[in-house]
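Protein chains get the first letters and strands the later ones, always in sequence-line order, with residue 1 at the start of each. This one's a predicted model, so the numbers in the text were calculated from it and none came from an experiment.
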There are 2 protein chains.
Amino acid sequence: MDARKKRILGILIDDYIASAEPVGSRTLAKKYDLGISSATIRNEMADLEELGFLEQPHTSAGRVPSDRGYRYYVDELMPKRFITNDAVSRVKMAFQAPMREIAWFIHQTARMVSEMTGYPSMVVAPPVLEARLSEIRVLRLQSDTLLFLVSTDAGVVENRAVSVPEDLSVDQLGALAGEFSREFHGISIHELKDRILDPLARDAERYRSLWETLGGWMAAWNVYENRVTLAGPLSILQYPEFRDIEKVQRVLGFLEREGAVEELLKSALSSTESVQVMIGQESPVEAIWDCSVVTATYQVKSHVVGQVSVIGPKRMHYAEVVATVELVSEELSRALKWA
Amino acid sequence: MDARKKRILGILIDDYIASAEPVGSRTLAKKYDLGISSATIRNEMADLEELGFLEQPHTSAGRVPSDRGYRYYVDELMPKRFITNDAVSRVKMAFQAPMREIAWFIHQTARMVSEMTGYPSMVVAPPVLEARLSEIRVLRLQSDTLLFLVSTDAGVVENRAVSVPEDLSVDQLGALAGEFSREFHGISIHELKDRILDPLARDAERYRSLWETLGGWMAAWNVYENRVTLAGPLSILQYPEFRDIEKVQRVLGFLEREGAVEELLKSALSSTESVQVMIGQESPVEAIWDCSVVTATYQVKSHVVGQVSVIGPKRMHYAEVVATVELVSEELSRALKWA
DNA sequence: AATTAGCACTCTATTATCTAGAGTGCTAAT
DNA sequence: ATTAGCACTCTAGATAATAGAGTGCTAATT
C-alpha cells in the first residue's frame, strides 16, 4: 500500500460515497487531478481489487469499495473531526434544555441525531429498570387521585397518577411515602416490581387496594424494558441503494423489532473505542449486511449506560457521522451528570 | 341503483380491497355465487361505470372503484360494527393502565391503533397549551434541584427538574408554589409562557435567577406546539400501491411534516359524525390524493379536544378501521374523564 | 324483456432481441 | 514505469413480438 494507492482508494471512496455510481478509471482521471493517466489508475485499481479493497459489480463496470475497503477508509483514510461549528452549538444548546423524563430526553436525542446526519438513528436509554430507588413521594392530586413520584440514582424516572379508592389523609400519605422510601430505598426498579407483584412479600392487609393498583401499574411497566428509540427511519428512502422496497422492509423491519437493535448494539460494547463502526458483513445480523452502523457510548459516573447510534448504507458519510455521534454522546454524558 | 347493482358493487369493492387487482366480470361470476352470468355482470358493471362508481385503468382491464364508489361503499354498503371481541378488550385494557404525561399517553394510543389496523395512525393530542392551570407545586429533589409539577384542567401535563442556584428553604418553597398557584391559576399555559417571558410583567427582583431559569424552560416548551403523533408509518410499505418509492416519500413526507397533519385533520372537525372518512381527492392535500383518511374525535367534558386518525390506500379495510378508530376514541374520551 | 353465449377487438405485461456505451485488461510503444 | 490503443465484455435501455385477460356488441335463449 504505497501513498498513491492510498490516494486513489481514498478519492475513489469519496467519489462513490457522493455519487453512488461505480467509479471507473477514466472518470477518476478526468475528474481529479491525479497527474497520471487512466491506464495507470486501471493498473492500480486492479491491484487494489486483488488486495480486497475494491470489487466490481460486473466485469465492465467501474469499481466499488468492498467492506474491507470501507474499513480501511474508516480506520486510515477518512478526514477526522468533520463537524461544523453550527452542529456543535446546536448539540450543546439541545442539552441545555431543562430535564424531563429520561424516555423523552432520549427520544429527542435520537431525533436530533437523525436530523443532523440524514440517516436513521437509534439511541439506547440507560437501564432504568436497574436504577436504584432513592426516594418515593406521594402527593394528592385530586380527592381520589394520587401521584407517585419515583426518584432514582438516575434522576426522576417516573411519575404516575393513580386512582385510589381508599381515602387517605395527608398524614397517612406522608407515612405511606416514608414507608415506601424506607422499605424500598436502594433496590432497583426491577426488584421493586417483583416485590410489589408478590403478595407474600408484603403486608397484605394495609392499603390493600392501593397495593393492587400498584401491582397493576408495575405489571404494565414493561414498556421500559425496550430501551431503544428509533428516529428518522424514513430518511433511508432517499438513498438509491434503498430503491428496492424489499430491502427497505428488511432493514426497517429489523430496526423496528423490539429488542433487536439493543441486541445488535451490545456487540459494539466490548470495544474500548469511544466510537465504533460496523461495516456490512461485520454485523452479526444478516438483515443489515448492506448497511453500516456507527455507535458511540455515553456514560453516567464513568459507567457506560447507553449508546447513540446511526445506521445507513455502507456508502455512508462516515467522517461526518462519526463526528456527530461522538459529539452527541459526549454532550449526553455531560447532561446526565446530574443523575 | 337496484339491489343487484348494490350487491355487485359491494362484492367488487370487497374483492378489490382484498386483492388489489382490478376485478373482471368473469372473476366475479366464478368466485362468487351471484346466480347470473359474466355477461350480465358486464352489463351491470358498464352501468356502474356510467354512474361513476367504477372506473377502468384501461379498456381491457377489470374495474376498480372510483372515489365515488368508495364513498358509496362507506356510506351505504360496508358491514357495520366490524370489530372482534379481542380488539375491544385490548383497547379497554390499554386505557386502564395508569396515567402518565399526556404526550406519552397519546403516543401509546397511536401505536396501538396502527398495530391494530395495519396502517399508519395519527393522533392529535389535546391542546395542552390552552389548558387552564389549576395548580403548581414545587418540590425539592436534590439540594440544588427543584421539581415543578404543573397541573391543569387537562390533568398533570408537565413536570420538570430545574437546577436552581438560589438556596430556598422548605418554607420558601411552599410560599413560592402558593404564590405561583395563586397568581397563575386559571390562565392557560400559553399565557403563562408569555407572562414568564415578559420581564415587565413580574417582580424582577425576587427569585431573579429562578425566573430566568423558568424563562428558558418556557421558551423551550414549543415542543408541545406540535400536537400530532405519527405511529407505524412503515406499515404502508406492505401495500402494493406503495411499491413506488416516490409515492411513499410523497405521502410519508407529508405525514412527517410538523403541523401538516394537524392542519389536514382540522378539516374533519366540522362534521357532526363521530367518525369521518376522507377518500382520495376529497382531501384538500394533493400529496395524499390516493389515500384515504379515517378520523374520529375524542372529547373531554364534551368538548372535542383531539382526534384519532388512520391513513392508508384508498383500497382500505374501511369497516374495520372505522370501528377501531371509533372504539379507541370513545375509550380515550372515557380515560381522559379524570381531567 | 332480461339474460346469456359467442366472438372480434383492445390493451397491457412479459419476454425476447438488439444496440450503444462505459469500462476493462492486455500489448506494444514511449 | 507509464501510457496509448484496441479488442472484448457486460449492462441498461430501447424495440419488437406474444400471450392473455377483459371488454362490448350481437344474436340466440329463456
Review point. Does a sphere of radius 6.0 Å around CG in B/Asp75 hold more than 12 heavy atoms from other residues, nucleotides or ligands, not counting ones at 6.0 Å or beyond?
Key: yes
Practice item. For A/Ser329 and A/Val325, indicate whether the former's side chain and the latter's backbone hold a donor-acceptor pair under 3.5 Å. Key: yes
Check your understanding: Between the side chain of B/Thr297 and the main-chain N/O of B/Gln307, is any donor-acceptor distance below 3.5 Å?
Key -> no
Might you point out which heavy atoms bring [X] and [Y] nearest each other, and give the distance in Å?
X: B/Glu241; Y: B/Lys247; result: O-NZ, 3.1 Å
X: B/Tyr119; Y: B/Ser235; result: C-OG, 3.3 Å
X: B/Val64; Y: B/Pro57; result: CG2-CG, 4.0 Å
X: A/Tyr239; Y: A/Arg315; result: CD2-NH2, 3.8 Å

Measure [atom1]/[X] against [atom2]/[N] and give the value in whole Å, please.
X: A/His58; N: C/dG21; atom1: NE2; atom2: P; answer: 16 Å
X: A/Leu28; N: D/dT3; atom1: CG; atom2: P; answer: 14 Å
X: B/Ile41; N: C/dT3; atom1: CD1; atom2: P; answer: 11 Å

Study note, to complete from the structure: Writing each nucleotide of DNA chain C 5' to 3' as (, ), [, ], | or . by Watson-Crick or G-U pairing under 3.5 Å yields ||||||||||||||||||||||||||||||
Practice item. Between protein and nucleotides 21-30 of chain D, map the contacts as a letter string: B base, S sugar-phosphate only, - none, heavy atoms under 4.0 Å, written 5' to 3'. Key: BSBB------
Practice item. Indicate yes or no: does A/Glu258 engage B/Arg111 in a salt bridge with an N to O separation below 4.0 Å. Key: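 Between B/Arg111 and A/Glu258 there is a salt bridge, with a charged N closer than 4.0 Å to a carboxylate O.
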